[in-house]
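Encoded as structure tokens, the structure appears first; notes follow it.
Since the model is a prediction, treat every value here as computed from it, not as a measurement. What you see below is based on every heavy atom in this structure, not just the backbone, and it leaves out hydrogens, waters and symmetry mates.
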Amino acid sequence: MVVRRELEPAVIAAENIVKTFPLPEGHGVFTVLRDVSVQVRVREVVAILGRSGSGKSTLLRIMAGLIPPSGGRVLNAGRPVSGPNPEVAMVFQSFALLPWLTVQDNVELGLKARNVSPAERRSRALKVLDMVGLDGFESAYPKELSGGMQQRVGFARAFVVQPRVLFMDEPFSALDVLTAENLRGEIASLWAQGSFPAGSILLVTHNIEEAVLLADRVVILGSNPGHVRGELEIGLKRPREHEDPQFKALVDRIYTIMTNPEARVEEAPVEAPKAAVRTFAVPLPHARVGSISGLLELLIDRGCTDDVSQLAARLVLEVDDLLPIVDAAVLLGFAQLEHGDLTVTDVGRKFAEADILSSKEIFRQQVLANVPQVASIYETLKEKHDGKMRADFFLDILDEHFSLDEAQAQFATAVEWARFAELFEYDAKEELLKLPEVAETPEAANP
């Protein structure tokens, strides 16, 4: 059943947020967020969904007043936010408990900072600990608790201050699958029962099923830089069931949107022409060659085609773990993705079924034809009389397009793919890229 909601006024709103960080050695700035606007209304759960690098957590911290935006503004009940917002509480991905304090002392921290009397602190802390199922653990220390119990303490610490908006930054991602699912269900039940100790929720996640289970509305961010691609209303009656056909349809639709970066969120995904970009600005998906080959083998076993969302469910993989492998297979020409269905190409099948030497040659051909970053490094090395170049030369170029950490990650992926293809080698000690020995190159073997 689809439920239509009346629109409530915004409790907190981000308007045209821009966030930039300076690049090393004066190479300009790296833009994390560009013109991002998000609203959270009264009695609403909003999920911000996006792939790694879309700036989800940065946006959350800006809206909480923990870091300032480079442009735009955040409004809390219509008033500009210029520092930590006292009407917001946050649950982090890491448990962030003080190990020298008991469970109850950890929960009372926020109240103590607000000068609440000891008697009221104790009363409110005991009430929320009972709510999250930790009655009897008040005097325990964090080291005595499992990961799931520690995160319950994190929720209790946020609940006890009764925030207008509860911010949650991937709060279940550090937990095992069963514990995370159990805790999600409890949060969903508290919200559905009307006993949730916060007026609204803003959730950052990369888990599509989690967003559909908990949210009234999903804001989907794109990457490089982070921007709002669009919003989806999740008009399903609560409580929600994973096996509900409408639930599955929404999950599948969002998977399709997430695997088609150029698709419009409000409409069926369509292919859009790609703008020309500079060679080193094309990001490489961070996937190992073995993972790409393994994915292709699984697809071949299932008739060469499978739905991405169903594949993720069978493999028990988060979207951030599966999509880079999918993106790599598509980039290399080993697979095609259309409307959420991934299909192995002829060359992909040959690669997956070939012996090691043949698979290396196929991979080499596909890298040179489809991965301009690796091909450009290879051609540059070939132009050098000694076939060698300092790694810093290429890292400096990558720094112009990516943050420092991401530039290093891009370089590492390029090196791994090139090593498998036997295009070039990397001496980490000397920080030197070089062509393989002349006698071992394919050109020398086949003059």
Side-chain angles (χ1 to χ4, degrees), residues 49-52 177 206-210 212 223 242-243 245 247-263 268-272 274 282-374 413-414 416-422:
L49 186 64
R51 299 167 68 166
S52 294
V177 174
H206 61 257
N207 186 309
I208 294 172
E209 288 82 358
E210 182 175 294
V212 176
S223 304
H242 289 276
E243 298 305 314
F247 186 100
K248 289 183 175 180
L250 269 171
V251 169
D252 192 61
R253 180 182 177 190
I254 296 174
Y255 262 107
T256 302
I257 292 168
M258 296 281 285
T259 53
N260 288 268
E262 304 299 330
V270 294
E271 293 296 327
K274 296 182 179 180
V282 180
L284 299 183
H286 302 307
R288 295 186 176 278
V289 177
S291 297
I292 299 167
S293 180
L295 175 66
L296 296 174
E297 290 174 9
L298 287 173
L299 288 171
I300 291 169
D301 287 343
R302 298 191 63 81
C304 293
T305 300
D306 203 355
D307 178 88
V308 173
S309 63
Q310 294 177 13
L311 184 62
R314 276 194 296 275
L315 296 174
V316 196
L317 282 177
E318 300 286 2
V319 64
D320 267 8
D321 296 324
L322 179 61
L323 289 185
I325 307 172
V326 171
D327 289 345
V330 172
L331 174 65
L332 289 161
F334 293 147
Q336 293 177 337
L337 186 65
E338 186 173 0
H339 304 307
D341 290 330
L342 189 65
T343 303
V344 179
T345 62
D346 290 341
V347 70
R349 182 162 192 153
K350 290 177 182 177
F351 169 71
E353 295 178 343
D355 60 67
I356 186 63
L357 293 178
S358 299
S359 68
K360 281 178 171 284
E361 180 57 32
I362 294 170
F363 193 84
R364 173 192 174 89
Q365 294 170 0
Q366 296 304 111
V367 165
L368 291 176
N370 299 294
V371 187
Q373 186 183 132
V374 178
T413 298
E416 181 183 340
W417 290 10
R419 277 174 167 161
F420 183 83
E422 298 183 11

Name every donor-acceptor pair, under 3.5 Å, that has one atom in a side chain of residues 289-297 and the other anywhere in the protein, sequence neighbours excluded.
unit_1: Ser293; atom_1: OG; unit_2: Glu297; atom_2: OE2; d: 3.4

For [X], side-chain contact (heavy atoms from CB on, under 4.5 Å) partners two or more places apart:
X      : value
Leu368 : Arg364, Ala375, Tyr378, Leu423
Asn207 : Arg184, Thr205, Glu209, Glu210, Glu318
Lys360 : Ile356, Phe420, Glu422
Asp252 : Thr256, Asp307, Ser309

- Task: State, with a plain yes or no, whether a side-chain heavy atom of Arg51 is found less than 4.5 Å away from one of His206.
- Result: no
- Message: Side chains of Thr413 and Val374, heavy atoms from C-beta outward: is any pair under 4.5 Å?
- Response: no
- Answer yes or no: is there a donor N or O on one side and an acceptor on the other, between the side chain of Trp417 and the main chain of Phe363, under 3.5 Å? no
- Task: Under the side-chain contact (heavy atoms from CB on, under 4.5 Å) rule, what do Asp327 and Leu331 come out as? Steps first, then yes or no, please.
- Result: CA-CA 6 Å; Asp327 289 345; Leu331 174 65; over 6 Å; no
- Message: Applying salt bridge (charged side-chain N to carboxylate O under 4.0 Å, His left out), can you list everything that pairs with Arg288, at least two apart in sequence or on another chain?
- Response: Glu416
- Note on the structure: Residues passing the side-chain hydrogen bond (donor to acceptor under 3.5 Å, both in side chains) test with Arg419, sequence neighbours excluded, are none
- Message: Per the salt bridge (charged side-chain N to carboxylate O under 4.0 Å, His left out) rule, what does the pair list look like for residues 328-337, sequence neighbours excluded?
- Response: none
- Task: Sort and list the pairs that fulfil ring pair (Phe, Tyr, Trp, His ring centres under 6.0 Å) and have at least one residue in residues 298-317, not counting sequence neighbours.
- Result: none
- Item | Summary of ring pair (Phe, Tyr, Trp, His ring centres under 6.0 Å) pairs that have at least one residue in residues 284-318, sequence neighbours excluded | none
Table please: side-chain donor-acceptor pairs of residues 346-355 below 3.5 Å, with sequence neighbours left out.
unit_1: Arg349; atom_1: NE; unit_2: Glu353; atom_2: OE2; d: 3.1
unit_1: Asp355; atom_1: OD1; unit_2: Leu357; atom_2: N; d: 3.1
unit_1: Asp355; atom_1: OD1; unit_2: Ser358; atom_2: N; d: 2.9
unit_1: Asp355; atom_1: OD1; unit_2: Ser358; atom_2: OG; d: 3.2
unit_1: Asp355; atom_1: OD2; unit_2: Ser358; atom_2: OG; d: 3.3

- Item | Closest heavy-atom pair and its distance - Pro324, Ala287 | O-CB, 3.7 Å
- Message: So which atom in Lys248 and which in Glu243 form the shortest heavy-atom distance, rounded to 0.1 Å?
- Response: NZ-OE1, 3.0 Å
- Going from CG on Leu323 to OH on Tyr255, what distance comes out if it is rounded to the nearest 0.5 angstrom? 7.5 Å
- Message: What's the separation between atom CG in Leu299 and atom CG in Leu342, rounded to the nearest 0.5 Å?
- Response: 5.0 Å
